[in-house]
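Each chain gets a letter, A, B and so on, in the order the sequences are listed, and its residues count up from 1.
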Number of protein chains: 2
Amino acid sequence: MKILIVLAHPEPKSINGQLKDKAKEVLEKAGHTVVVSDLYQMGFKAVADQDDFQNREDPDFFKMQYEQRFNTMTEDIINEQKKVEEADLVLFQFPLWWGSMPAILKGWFDRVFTVPWSYSWPHLCDKGKMKGKKALVSITTGGTPDYFGDRFPFGDLTKCLFHMLRGCLYFCGFEVLPPVYHYAVEENEQNKIMEQWEEKLKNIENMKPIIFSKIEDYLIQGLPEDKKTDFEVINNFK
Amino acid sequence: MKILIVLAHPEPKSINGQLKDKAKEVLEKAGHTVVVSDLYQMGFKAVADQDDFQNREDPDFFKMQYEQRFNTMTEDIINEQKKVEEADLVLFQFPLWWGSMPAILKGWFDRVFTVPWSYSWPHLCDKGKMKGKKALVSITTGGTPDYFGDRFPFGDLTKCLFHMLRGCLYFCGFEVLPPVYHYAVEENEQNKIMEQWEEKLKNIENMKPIIFSKIEDYLIQGLPEDKKTDFEVINNFK
């Protein structure tokens with residue numbers, strides 16, 4: 001496979017940096033081609049704004065999705081789009097910050113996932129523009145596992161990430177693999193995380209995606225009552 | 001009340017800009033004091049990184065939460081913290097981008113909500129550092145209401161925003177008011193949105209917050225089975 005790793009962490013020596021290095025090593029060893037977008041090292045621009053367009057169709061009123069149609073996005077955006085286009089799988093590596101991804105990665109979605117490049121009605125979900133590509137989300141947390149969950153103070157991780165897994169990745173057509181959570185561990189247990197990560201990655205081609213609803217089921221009159229909602233589906237995956 | 005409006009939209013003339021202007025006007029007329037953080041106009045730095053600290057305690061390995069303890073954050077961060085400290089209510093105004101907030105607002109949380117300023121164990125939830133402050137989230141969507149919901153293709157908005165409402169705002173102790181969704185309308189209906197917004201805002205002091213679980217319920221052995229989870233609570237609010 002061709003694999004794009006998108007990393008969002010300011011410290012190369014961090015666990016996130018190490019997980020990225022390990023992924024690159026293991027995946028290349030298994031014969032995959034790996035490209036890395038290390039957003040912090042690239043100085044990736046996080047804020048979507050007027051400067052993202054080399055020409056403005058309407059210079060007086062900035063409507064982002066309108067401008068995107070005319071395809072004058074800056075080179076850094078086009079480069080990332082090309083990497084996604086060429087990838088069979090995109091691996092997102094980041095720390096959980098405030099129940100979600102760091103701003104630099106949110107900005108990657110805001111800026112790179114233009115319309116109609118990333119979706120156009122009714123090319124959504126299983127009929128989405130990213131159809132045939134897989135997405136794997138790999139997250140580190142500052143809290144140990146006992147802080148997370150519906151009945152624990154940090155809340156349920158998968159529920160927090162619903163906006164990314166369903167609202168963004170599956171929405172655009174990615175087959176979403178079950179996310180990998182690397183919970184905080186004692187320093188002397190870090191080797192264990194790396195070993196578990198290596199085992200996961202060796203099996204990457206056999207990972208089964210989360211099966212969400214098909215767009216045609218949605219389009220009739222909303223998802224029929226006898227079908228599980230995507231939220232129920234993802235929740236059963238924990 | 002002292003009200004801080006945090007606006008995240010690149011176009012001042014947008015509906016988001018207009019909703020901010022309307023809020024300022026209506027709230028000041030009602031006798032409140034209003035301060036605005038217009039993140040795009042301020043050129044607010046979105047990406048949390050090494051440059052956020054005037055001195056580094058550990059110059060060789062960047063661990064953000066560790067550095068935050070020594071309180072050498074840059075002035076732009078301190079200024080925003082002061083605004084939050086002085087506010088009785090924080091109003092967040094932004095467009096829904098990829099099921100969440102624009103990166104510039106995510107970056108505001110990543111950078112401004114330092115530790116232990118924003119939370120410290122067990123000062124969370126109803127015992128959180130933001131105790132006594134209210135938060136109101138006001139969002140515009142590009143889709144009409146019939147696209148949203150558990151059984152519709154864009155998914156359920158409140159579920160998408162769980163990471164912000166519960167994972168971030170209530171986590172830090174804000175009383176979270178029911179979010180206001182301004183769904184896409186025809187251009188000739190925009191006046192209606194403004195009128196509805198004005199009515200909401202006139203009643204702002206009587207808005208009842210969403211009642212989440214108390215931290216002491218979490219701390220025993222996890223939330224007891226006879227209590228609704230915060231996710232169930234927020235979901236009933238739709």
Would you call the rings of A:Trp98 and B:Phe109 parallel, tilted or perpendicular, where under 30° means parallel and over 60° means perpendicular?
tilted
Is a side-chain donor or acceptor of A:Lys106 paired with a backbone partner of B:Ile104 at a separation under 3.5 angstrom?
no
Do you know which of B:Lys227, B:Lys45, B:Gln65, B:Lys13 has the most heavy-atom pairs under 4.5 Å to chain A?
B:Lys13
Counting neighbours of NZ on B:Lys83 that are heavy atoms of other residues, nucleotides or ligands and sit closer than 6.0 Å, is the number greater than 12?
yes
Answer with side chain, backbone, both or neither: which region of A:Glu225 has an atom nearer than 4.5 Å to a non-hydrogen atom of chain B?
both
Ignoring hydrogens and geometry, is there a side-chain-to-backbone donor-acceptor pair from A:Lys159 to B:His163 under 3.5 Å?
no
With a 6.0 Å cut-off on ring centres, are B:Tyr147 and A:Trp121 close enough?
yes
Evaluate whether atom NZ of A:Lys22 has more than 12 neighbouring non-hydrogen atoms of other residues, nucleotides or ligands under 6.0 angstrom away.
yes
Report yes if some heavy atom in the side chain of A:Phe162 is under 4.5 Å from a heavy atom in the side chain of B:Asp156; otherwise report no.
no
Heavy-atom cut-off 4.5 Å, strictly under: side chain, backbone, both or neither for A:Met164 against chain B?
neither
Donor-acceptor pair, B:Asp110 side chain versus A:Ala103 backbone, under 3.5 Å?
yes
Heavy-atom donor-acceptor pair, A:Glu11 side chain to B:Lys63 backbone, under 3.5 Å:
no
Where on B:Tyr40 is there a heavy atom nearer than 4.5 Å to chain A: the side chain, the backbone, both, or neither?
side chain
Heavy-atom distance under 4.5 Å to chain B: side chain of A:Ser118, backbone, both or neither?
side chain
Contacting region of A:Phe171 [heavy-atom separation from chain B under 4.5 Å]
side chain
If we define contacts as heavy-atom pairs under 4.5 Å, which of A:Cys125, A:Cys168, A:Ala8, A:Ala46 has the most with chain B?
A:Cys168
Is the shortest heavy-atom distance from the side chain of A:Gln50 to the side chain of B:Pro10 under 4.5 Å?
yes
Taking side chain as everything from C-beta outward and backbone as N, CA, C, O, which of these in A:Tyr170 sits under 4.5 Å from a heavy atom of chain B? Side chain, backbone, both or neither.
neither
If you tally heavy-atom pairs under 4.5 Å against chain B, which of A:Ser100, A:Gly107, A:Pro122, A:Ser14 wins?
A:Ser100
